[in-house]
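Here the structure comes first, spelled out in structure tokens, and everything after it is commentary.
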Amino acid sequence: MWQQARHLGILLTALLTLCPFGVRADDASPGRDRTEANAERREEPIRIQVSVNLLFPGPAGESEEAVKLRERARRSVYEMAAGECALVEQVLAKTCRLESVSVSLNRQSGGQAEGYVAAGNFVLRTTLK
């Protein structure tokens, strides 16, 4: 269930990044063929920025189990980043490459669950279909 919500959140972030918020001057010029303008725009590379936050419950100290949990958390974000281009190419991109990845871990202690929150940010460079 949380994976579906995570994928929905990623897709919404990607779509919001792609939505135009203004009209360029060349789009409003008379005589310009809309199809030609759209084709040119699709050939221009765009960036998609994806942000995720994942909770990994478990030991949050300096034990061997806590070290393994931190490694698992980072690995999960890296695996998600590695597969993101495949998802974007299925939905909206002709080409895609991973441009950058950042991961941060925050210790979660007290409260309901002990563990780590892994925050991941990655940027993709794509051209639209």
Side-chain angles (χ1 to χ4, degrees):
M1 176 78 171
W2 69 271
Q3 287 182 336
Q4 291 173 340
R6 181 184 67 195
H7 287 295
L8 179 60
I10 292 170
L11 183 58
L12 288 175
T13 301
L15 290 175
L16 289 174
T17 303
L18 296 173
C19 288
F21 291 101
V23 177
R24 295 185 341 195
D26 60 347
D27 288 344
S29 62
R32 185 169 174 97
D33 182 24
R34 280 280 198 215
T35 307
E36 181 182 323
N38 287 339
E40 286 177 14
R41 209 172 304 129
R42 287 184 182 180
E43 292 303 318
E44 295 175 15
I46 62 167
R47 284 193 173 105
I48 298 175
Q49 183 174 345
V50 180
S51 299
V52 296
N53 291 306
L54 306 169
L55 174 63
F56 291 85
E62 293 303 318
S63 67
E64 186 175 329
E65 293 83 20
V67 170
K68 288 179 182 178
L69 182 60
R70 290 191 297 266
E71 289 174 0
R72 190 181 75 157
R74 288 192 316 269
R75 176 181 292 274
S76 294
V77 173
Y78 294 143
E79 288 173 349
M80 186 181 292
E84 196 65 23
C85 268
L87 176 63
V88 170
E89 286 176 337
Q90 288 174 3
V91 177
L92 55 89
K94 181 170 43 174
T95 63
C96 179
R97 77 177 166 87
L98 185 60
E99 200 169 78
S100 67
V101 178
S102 66
V103 178
S104 65
L105 291 177
N106 296 306
R107 184 178 178 169
Q108 180 95 12
S109 60
Q112 293 181 354
E114 184 176 69
Y116 291 93
V117 174
N121 294 293
F122 26 100
V123 177
L124 310 170
R125 171 76 73 152
T126 67
T127 54
L128 298 176
K129 288 182 180 180

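Transitive grouping of hydrophobic side chains (ILVMFWY, heavy atoms separated by less than 4.5 Å) keeps V123 and L92 in distinct clusters. Linking ILVMFWY side-chain heavy atoms closer than 4.5 Å, directly or via other members, places V103 and F122 in a single hydrophobic cluster. Residues V67 and Y116 do not share a hydrophobic cluster, defined by chaining ILVMFWY side chains whose heavy atoms lie under 4.5 Å apart. F56 and V52 fall within a single hydrophobic cluster, where Ile, Leu, Val, Met, Phe, Trp and Tyr are joined by side-chain heavy atoms under 4.5 Å apart, directly or via other members.
A search for side chain to side chain contact (heavy atoms under 4.5 Å, CB included) contacts involving S104 returns N106, A119, not counting sequence neighbours. Partners of S63 under the side chain to side chain contact (heavy atoms under 4.5 Å, CB included) rule, at least two apart in sequence or in another chain, are P59, E65, A66.
Listed by first and then second residue, the salt bridge (Lys or Arg N to Asp or Glu O under 4.0 Å) pairs that reach into residues 50-62 are E62-R70, sequence neighbours excluded. A disulfide bond (SG atoms under 2.5 Å apart) check over residues 61-129, counting only residues at least two apart or in different chains, returns the pairs C85-C96. Sorted by first and then second residue, the salt bridge (Lys or Arg N to Asp or Glu O under 4.0 Å) pairs with a member in residues 109-126 read E99-R125; sequence neighbours excluded.
Atoms CZ and CD, on R97 and E89 in that order, are 12.5 Å from each other to the nearest 0.5 Å. The OG1 atom of T126 lies 12.0 Å from the CG atom of L98; values are rounded to the nearest 0.5 Å. The line from CD1 of I48 to CG of L87 is 9.0 Å long, rounded to the nearest 0.5 Å.
Nearest approach of T127 to P45, heavy atoms of both residues: CG2-CA, 4.0 Å. Across L124 and E84, no two heavy atoms sit closer than the pair CD1-CG, 3.6 Å.
Other residues sharing the hydrophobic cluster of V117, ordered by chain and number and joined by side-chain separations under 4.5 Å: L55.
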Listed pairs under 3.5 Å, donor-acceptor, residues 72-80 side chains, sequence neighbours left out:
| residue | atom | partner | partner atom | Å |
| --- | --- | --- | --- | --- |
| S76 | OG | R72 | O | 3.0 |

